[in-house]
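Working notes, beginning with the structure itself.
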Amino acid sequence: MKKATVVMMMAAMVASMSGTVMAAGDSGDTITLTWLNHYAEAGKQAWIQSVKEQFEAKYDNVILNIETVDADSHKTILQTKLASDDAPAIFDLASNADLAIYNESGYLADLSDFECLNNVDADLLKEGMVDGKQLGIPIELSGYGVFYNVDIFEQYGLEEPKTLSELRQICDTLKENGVTPFATPFAEAWAFSCYPRALYDEVCWHDDGDFWAKLMDRSEKFADSESFKTQMETTWSLHEYWNDDAFGTSWDSAQQLMANGEAAMCVHGSWAVDGITSYNPDINIGVFPMPVSENPEEALMIKEPGQQLVLYNFEDEATKEAARNLYNLIYSQDSMKVYAEEAHQMPSVAGDYDMLPALAEIMNYPSEQSFSEAGLTRLDSEHQDIVFETIMNACMGDEFDVDALLNDLDTAFDNIAQ
């Protein structure tokens, strides 16, 4: 199966998609733009609703229809809609690899002449470019690391660890005092992925920007990567510090464990701050890079462009103009101020925002202690799903066979390449 088959298997559907949204634009009637998203956090939902209210108040001939789905089913629902003449006008994609695939299928509009691009961080925009065209616009900067309860750390005299041995010492102290070290929402594959990713991104991808590209084109194999093998062993070695029934714990439950002080740490993305504080607005959250070895210099704050908004490739100019106006609103400083302060995110548009301390810390982390993933070749969603699910399955048992894991990954990647 070749790279583009994730979406190309629905071939010939682009030409058939002339649905009601485009017809509405042609007739001069009310235009409906559907925004498909998976932003379940309360702050993000409040931001989306504020965008909807402002937009519909300003453009009374356009209805902004919001459809929110859960993260694990987002891709399936999106592809189903694309295949059934029900394409959303606006949706998000996570990586430049996905942008390239959906672009090959003809689904994505060129946003290169959208005025809002002038507001967005130029480095982040690199993530949304394919063949010289701006196909996606990041709405945020995401950070990956260990989010922790500052008050619990202070209670037991703990300091942010720089090495794996220091992290394990902290975990042992927490367990001795009846506190679960890590909240682990492993019932959801996307949430599980943050744990191994915080390790292998810092080491494997940081050291070789083509790491994933070479694995996808099969010029290199997982079984030959000692660094990836080491990080998989590290992932499993921390399992004794996970909360009970890790693979039965949802993301909502993990956030509550953190908010209630039952767990002290969570390896996740920066959106966790909004999620946790929605359950306990008074919690004091800090963040540090995930230690990956006994070398403190290898602990890096991961920074990447977050979700990118893309536009379906409508032929109708009235619909595209309505979408252009919506993008200009979304990427305005007024909108991004709400995104920063209400949704507790790190906007892709610079501004004077009153941000939560943990998010401000990520944004201001020194470049020499950070790993910026903007513009690097990522796993496309097909390969990414395989990586996450294969690692997840390997970690579910009572024993961990790292060599079998690496062989399973190579076999799966070989099958895609055939």
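Just so you know, residue 1 is the first one in the sequence shown, and it goes up from there.
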Pair Ser165-Glu294, side-chain donor/acceptor within less than 3.5 Å: yes
Audit row: His38, Ile77, side chain to side chain contact (heavy atoms under 4.5 Å, CB included) steps and yes/no: CA-CA 11 Å; His38 52 87; Ile77 291 173; over 6 Å; no
Flag if over 12 foreign heavy atoms under 6.0 Å of CG, Asp113: yes
Does Tyr331 offer a backbone N or O that forms a donor-acceptor pair with the side chain of Asn119 under 3.5 Å? yes
Over all heavy atoms of both residues, which pair between Leu124 and Pro138 is shortest? Give the atoms and the distance, please. O-CG, 3.4 Å
Hey, mind stepping through Trp212 and Cys204 against side chain to side chain contact (heavy atoms under 4.5 Å, CB included) and telling me if it holds? CA-CA 9 Å; Trp212 293 119; Cys204 307; over 6 Å; no
Gly286 to Val150 - nearest heavy-atom pair and separation: N-CG2, 3.4 Å
If only side-chain N and O atoms count, and only distance matters, is there a donor-acceptor pair under 3.5 Å linking Asn393 with Thr390? no
Only counting residues at least two apart or in another chain, list the ones meeting side chain to side chain donor-acceptor pair (under 3.5 Å) with Glu160. Tyr148
Quick one: do Arg378 and Asp98 satisfy salt bridge (charged side-chain N to carboxylate O under 4.0 Å, His left out)? Show the steps, please. CA-CA 9 Å; Arg378 303 172 183 277; Asp98 283 343; over 6 Å; no
Carboxylate-amine/guanidinium contact Lys126 Asp123, below 4.0 Å: yes
Atom CD of Glu297: over 12 foreign heavy atoms under 6.0 Å: no
Do Asn61 and Thr30 pair up side chain to side chain, a donor and an acceptor below 3.5 Å, judged on atom types alone? no
Where the side chain of Glu56 meets the backbone of Leu64, is there a donor-acceptor pair that is under 3.5 Å apart? yes
Is there a donor-acceptor pair under 3.5 Å between the side chain of Asp274 and the backbone N or O of Gly43? yes
Establish, from distance only, whether the side-chain atoms of Tyr241 and Asp172 form a donor-acceptor pair under 3.5 Å. yes
Assess the pair Phe413 and Phe222: is the distance between their ring centroids shorter than 6.0 Å? yes
Report yes or no: do Ser293 and Glu298 form a side-chain donor-acceptor pair below 3.5 Å? yes
Using the benzene-type ring in the case of Trp, are the ring centres of Tyr39 and Trp271 under 6.0 Å apart? no
Could you check whether Trp242 and Thr180, counting side-chain N and O atoms only, form a donor-acceptor pair closer than 3.5 Å? no
Do His268 and Trp251 have ring centroids that are under 6.0 Å from one another? yes
Between Arg324 and Glu321 (salt bridge meaning N to carboxylate O under 4.0 Å), is one present in this structure? yes
Can you list the steps and then say if Ile276 with Ile285 is a side chain to side chain contact (heavy atoms under 4.5 Å, CB included)? CA-CA 9 Å; Ile276 296 168; Ile285 300 178; 3.8 Å; yes
Backbone of Val179 reached by a side-chain donor or acceptor of Asn177 within 3.5 Å: no
Look at the side chain of Lys303 and the backbone N and O of Ile362, then say whether any donor-acceptor pair between them is shorter than 3.5 Å. yes
Would you say Ser270's side chain and Gly143's backbone share a donor-acceptor pair under 3.5 angstrom? yes
Do Asn328 side-chain atoms and Cys116 backbone N/O form a donor-acceptor pair below 3.5 Å? yes
Side chain Glu202, main chain Val292, donor-acceptor under 3.5 Å: no
Assess the residue pair Asn65 and Thr32 against the criterion (side chain to side chain donor-acceptor pair (under 3.5 Å)); give the C-alpha distance rounded to whole Å, side-chain angles, the decisive distance to 0.1 Å, and a yes or no. CA-CA 7 Å; Asn65 177 41; Thr32 298; over 6 Å; no
Can you check whether Phe371 and His206 have ring centres sitting under 6.0 Å from each other? yes
No-hydrogen, no-angle side-chain donor-acceptor test under 3.5 Å, Asn243 and Thr249: yes
Using the side chain to side chain contact (heavy atoms under 4.5 Å, CB included) rule, take Phe114 and Leu311 through it: C-alpha gap first, then chi angles, then the decisive distance, then the call. CA-CA 11 Å; Phe114 276 32; Leu311 177 64; 4.0 Å; yes
Should the heavy atoms of other residues, nucleotides or ligands under 6.0 Å from NZ of Lys58 be counted, would the total exceed 12? no
Could you check whether Ser250 and Ser253, counting side-chain N and O atoms only, form a donor-acceptor pair closer than 3.5 Å? yes
Does NZ or CZ of Arg197 come closer than 6.0 Å to the centre of the six-membered ring of Tyr144, within 45° of the ring's axis? yes
Of all pairs that satisfy side chain to side chain donor-acceptor pair (under 3.5 Å), the ones with a partner from residues 339-365, not counting sequence neighbours: Glu140-Tyr339, Lys337-Glu341
Would you check if the side chain of Asp86 reaches a backbone N or O of Lys81 as a donor-acceptor pair within less than 3.5 Å? no
Donor-acceptor pair, side chain of His239 and main chain of Trp236, under 3.5 angstrom: yes
Yes or no on ring pair (Phe, Tyr, Trp, His ring centres under 6.0 Å) for Phe228 and Tyr200, after CA distance, side-chain angles and deciding distance? CA-CA 6 Å; Phe228 189 82; Tyr200 59 58; 5.5 Å; yes
